There are 4 protein chains.
Amino acid sequence: MIADKRLRILLAAETLVSRFGVEGLSMHRVAKQAKLATGTIYLYFKDKDALMSELHERNLRLFAEAFLADVDPSSSLKQQHHQLWRNGFSYQQSNANVQRLWVHLETLPRNTRHKQLIQELFQPLELFFEKGVEQGCFKALPSEMLYALAFGSLYEICRFSHLRDVNFSQQDMDVALLASWDAITVHP
Amino acid sequence: MIADKRLRILLAAETLVSRFGVEGLSMHRVAKQAKLATGTIYLYFKDKDALMSELHERNLRLFAEAFLADVDPSSSLKQQHHQLWRNGFSYQQSNANVQRLWVHLETLPRNTRHKQLIQELFQPLELFFEKGVEQGCFKALPSEMLYALAFGSLYEICRFSHLRDVNFSQQDMDVALLASWDAITVHP
Amino acid sequence: MIADKRLRILLAAETLVSRFGVEGLSMHRVAKQAKLATGTIYLYFKDKDALMSELHERNLRLFAEAFLADVDPSSSLKQQHHQLWRNGFSYQQSNANVQRLWVHLETLPRNTRHKQLIQELFQPLELFFEKGVEQGCFKALPSEMLYALAFGSLYEICRFSHLRDVNFSQQDMDVALLASWDAITVHP
Amino acid sequence: MIADKRLRILLAAETLVSRFGVEGLSMHRVAKQAKLATGTIYLYFKDKDALMSELHERNLRLFAEAFLADVDPSSSLKQQHHQLWRNGFSYQQSNANVQRLWVHLETLPRNTRHKQLIQELFQPLELFFEKGVEQGCFKALPSEMLYALAFGSLYEICRFSHLRDVNFSQQDMDVALLASWDAITVHP
DNA sequence: TATGAATGAGGTTTCATTCAT
DNA sequence: CATGAATGAAACCTCATTCAT
C-alpha cells in the first residue's frame, strides 16, 4: 500500500481507465480502488477535471522519460534516432492500456500549462532535430514536422496493433525503423 | 433545415461533439440541436450506442471517399501517392472538427461490422500498396505498415495543427509529402 | 385476420398481457400485435384506461359464461355445485395466462359500472345459493359468503398450481370438490 | 421520523402502493414520501426490482408472523384452526392496504429465494396439517390443498370486503369459520 | 376512418460533490 | 486530515397521446 495518497489516487484512476475506459471512471470507483473515502479525493484534487489533468501530466512525464531514456546526445544521429524509436515502441507496447486515456486527454480543451509542459519535456528532442538539420543530415523542416515524419508512423503502427489486432513481425518492425529514418533524412 | 431527420440527427451529433467533446454529447442536447423532441431520436436510432456507431460509419465512409478521390490506378505510383496525401490533408483540414469524434470512436470496442467496413472501404489502398511492393518500388512490408509509414506522419502533422495550434508553411508541407514517399520507397 | 378492429385490439392486448405481463403492455405494442396503427386504437378506445377496463369486462363476461355453462337450475343442488366447480377449474386451467391480467384488473379502482355488471352476470349464482339456503341445505349465509366458502379454495388451489408450480392429482381434486360441498352445506 | 432509512423507504413504498397502486410507484415518489433524495434509495437498494423483492419478503414475514401468532401446537387441532383463521382475518383487516401490493407481488416472476422463504415461514402450518391427517381428523390431502380449502375462502371473503365493499356480520364470520373447519375435516 | 411520425413528460439510474461527524 | 452518507441534477430511454396527412 502506497503511503502517498495523492499518488494512490492517480494510480487508481489510471488502472480504472485502462480497464474500463474513460466513461467508466467515477470518483466513487476511484476512491474504492484507492481504498479511500470518496471525500478524501477532494482533499487532494479540486475536482474531477483537476484529477484528469494531473493524470495527463503524469502520463506526459512518464512518456517523455521513457522516450528519451538512454538517448546519448554525443552519439551519432542515427543511433539516437534508433534508440528513440525503440523507446517509443517499447513504451506503447507496455502501456497499450493507457492508449484510451491518452487519446481522450489529448482531445480535451488545451490549456497553456500543458503546452508549456510539453515544450519543456521534449526540448531534448527539439535539439536533436535542430542539430540534424544543421548538419544537413535531416530535411530542412521545423522540428515538429520532423517529429511527425519520424514517429507518426510509429503511433499509427501501434494503433493498428492495439485497436485492430494487426500484428507485425520483428523483421517488419526493423524495416519500419529504417523507413522512419529514410523519412527524415536527406537523399541524394 | 434538412428534411431527412436521420441525417439531421447525425449532423447535430457531429456538431456537438466537435464543439463540446464527446462527454458534452447528450441525447437531449442532440435533440435540441436537431430541433427535434428527445424521443424522436429513438425513432431513428435504437439507442445512443447505435447513434455513435452510425456516426463512426458515416465518418469512415466520408473519409474513405475523400481520401481515394481522383486517385487513378492507371497513373504512376508516385502520382497516386501524392494524390492520396493531398486528399488526406485536405480532408483533415476541412474536418478539423471531427478529429475529436474520430479519436473517440476509434477507441470504442471494435465490432466486426466496422472491421469489415474498413477493409472494404480501403481495399483500393491495399491494392495500391501491393502493386508497389510487386514492382519493387515499395519496401517489402504488409500494406498496413506501408500505410502507417506513408500516412501516420500526416495524421501527426494534422494533430499538431489542430490540437496544438502549430502551423506549417506550404513549402514545408511539400517537403513532408516527399518525405512520406521516401518512407515507403526502396532506396539504393 | 379478424375484421372487427375493436375485438382485434382487445385480443392483442390480452395476448400481450398473458405473454409479457401487465407492465409490458404499451399502446404501441398493442397496435403492432393487432396489425394496426397506433392512432387507430384511439378511434375505438378513449385512452389506455378505457381499453383496460373493457378488457376486464370482457374477461368477466367470458368467465361468467364459462363458469355457469351447463348448470341446470332444475337439477339437484349438488349436481349444480359440482358442475360449477368443474367449470371454474377448467376455466382457470385453460386461462392460466390471464391470471396476471385478472389480479391486476381486480385491484384497479372500482367503478360502479363494474359492480353492476358483476351483479348482473352472476345473478344465476345468487339464485342458486339463495335456493340452497331456503331449502335448508346450505348454511344460512349471504350468497357472497357462500360463494367465497365454495370457490375461494378453488382459486387458491389454482394459484398454487400456476404461481408455485404445485400440482395436484385428479384424486385429490375430487376430494377438494367434495370438501367445497362440505364447506357450504349444513351438517348434522 | 424513523431513523432507519432502509425501513423508511420500505414503508414509504408500501404506503404509495396501497394508496395509488403499483403503477403509481416511482422511485422519485418513494424518495419524496420517505423524505429522502432520489439517489439515497440506491444506497439501500440495488434497483427497483430489489426494492420490490424486499417489500415482498417483508410482507411475507409479517403475514406469517401474524398468521401463526399464539397458535399452540399442543392445543387441539380445532383450537389451532380457529386461532389461525382469526389471525388471518385480523391481519387482512388491518392491512387492507397491502392487498394491492400483495396480488402484484404474487404474480411477479417467482425466484427460488422466495419459494424457500415461504416454505420456511409456513412450516409450522405444514406440520399442523400433517398431524391432522395422521390423526384421521383432516381429509387425506396434501397440506397445500388443505391450506387452500381452509383459508382460500378467507381470502375471498376479504377480497369481497376490500374490493367490493361487501361487509359481513360477526355472526356470519363465525359461521364461515366453522365452514372452513367443515371443509378440511372428515365427515361420517 | 386510418395512419404512424412526432411529442415531451416522466420513468429509472448514475455520479460529482458536499458536509456533519 | 479523513470519512462516507446524502444530495439532486442530469443522464438515457419509454410511452400515452396527438395530429397532419
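The basis for the numbers below is simple: all heavy atoms, side chains too, and nothing from hydrogens, waters or symmetry mates. Protein chains get the first letters and strands the later ones, always in sequence-line order, with residue 1 at the start of each. No experiment lies behind these values; they were computed from the predicted model shown.
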(request) Starting from the 5' end of DNA chain E, give me the residue, C:Tyr44 or A:Asp49, whose nearest nucleotide shows up first. (result) C:Tyr44
(request) Kindly say whether C:Met1 contributes a backbone atom to a donor-acceptor pair with the side chain of C:Arg8 at under 3.5 angstrom? (result) no
(request) Determine the Euclidean distance between corresponding P atoms of F:dT21 and E:dT1; express it in Å to zero decimal places. (result) 22 Å
Integer-rounded Å distance: [N] [atom2] and [X] [atom1]:
X       : N      : atom1 : atom2 : answer
D:Asp47 : E:dT14 : CG    : P     : 8 Å
D:Met27 : F:dG8  : CE    : C1'   : 15 Å
C:His28 : E:dG8  : NE2   : P     : 19 Å
D:Met52 : E:dG11 : CE    : P     : 14 Å
B:Arg29 : F:dA9  : CZ    : C1'   : 12 Å
B:Lys32 : F:dA10 : NZ    : C1'   : 13 Å
A:Tyr42 : E:dT17 : OH    : P     : 4 Å
B:Leu43 : E:dT7  : CG    : C1'   : 9 Å

What nucleic acid atoms does [X] come within less than 4.0 Å of, heavy atoms only: base, sugar-phosphate, or nothing?
X       : result
B:Ile41 : nothing
C:Leu51 : nothing
B:Ser26 : sugar-phosphate
D:Leu25 : sugar-phosphate

(request) Output the distance between atom CD1 (C:Ile118) and atom CD (C:Gln116), rounded to the nearest 0.5 Å. (result) 11.0 Å
(message) Would you compute the distance between atom NE2 of D:His114 and atom NE2 of D:His56 and round it to the nearest 0.5 angstrom?
(response) 5.0 Å
(message) Just N and O in the side chain of C:Thr40: are any of them under 4.0 Å from OP1 or OP2 of E:dT3?
(response) yes
(message) Please determine whether a side-chain nitrogen or oxygen atom of C:Lys5 lies at a distance below 4.0 Å from atom OP1 or OP2 of E:dA2.
(response) yes
(request) Kindly express the pairing pattern of DNA chain F in dot-bracket notation, using | wherever a base pairs with another strand and counting only Watson-Crick or G-U pairs under 3.5 Å. (result) .||||||||||||||||||||
(request) Work out which heavy atom in C:Ile2 is nearest to a heavy atom in C:Leu7; give both atom names and the distance. (result) CG2-CD2, 4.2 Å
(message) Looking at A:Glu65 and A:Arg61, is there a salt bridge between them, counting it only when a charged N and a carboxylate O are closer than 4.0 Å?
(response) no
(request) Please name the residue in the list A:Arg19, A:Gln33, A:Arg58 that meets the side chain to side chain donor-acceptor pair (under 3.5 Å) test with A:Glu14. (result) A:Arg58
